[in-house]
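As structure tokens, the structure follows; a few thoughts come after it.
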Amino acid sequence: MRYKLTFVVGLTLGYVLGTRAGRERYEQLKKSARQVSQNPAVRNTAETAAQQGRQFAGKAYHAVSDKVGERVPESVTQRVRSLRDRNTNGAPEDDWGTSST
């Protein structure tokens with residue numbers, strides 16, 4: 001209950017402060033966010049982080065699958081296979097069934 005109350009208070013406070021700032025401030029923040037996201041250094045850093053995350057996830061997948069082996073229920077195994085087999089937009093997939101683009 002405490003967390004719900006905290007969430008509602010935060011939501012209300014954000015709404016009140018947002019309406020006081022007005023549309024002009026919102027557009028300023030939106031423009032700044034767009035400029036930051038289009039910065040080549042930010043884009044390169046984000047891509048590097050994504051690649052490292054995929055590498056670590058692949059290592060974790062192999063480590064867990066080696067240790068767990070046949071103890072995984074068949075329903076989970078089928079779900080993982082279906083995720084790996086699914087190909088989104090023709091992009092190559094990694095070990096987790098997600099696009100590596």
What pairs with Q51 under side-chain contact (heavy atoms from CB on, under 4.5 Å), at least two apart in sequence or on another chain?
E47, R54
Mind checking salt bridge (charged side-chain N to carboxylate O under 4.0 Å, His left out) for E27 and listing every partner two or more places apart, or none if nothing turns up?
R23
Residues at least two apart in sequence or cross-chain that pass side-chain contact (heavy atoms from CB on, under 4.5 Å) with V42, listed by chain then number, are V36, N39
Pairs flagged by side chain to side chain donor-acceptor pair (under 3.5 Å) wherever residues 28-37 is involved - sequence neighbours left out:
R25-Q28
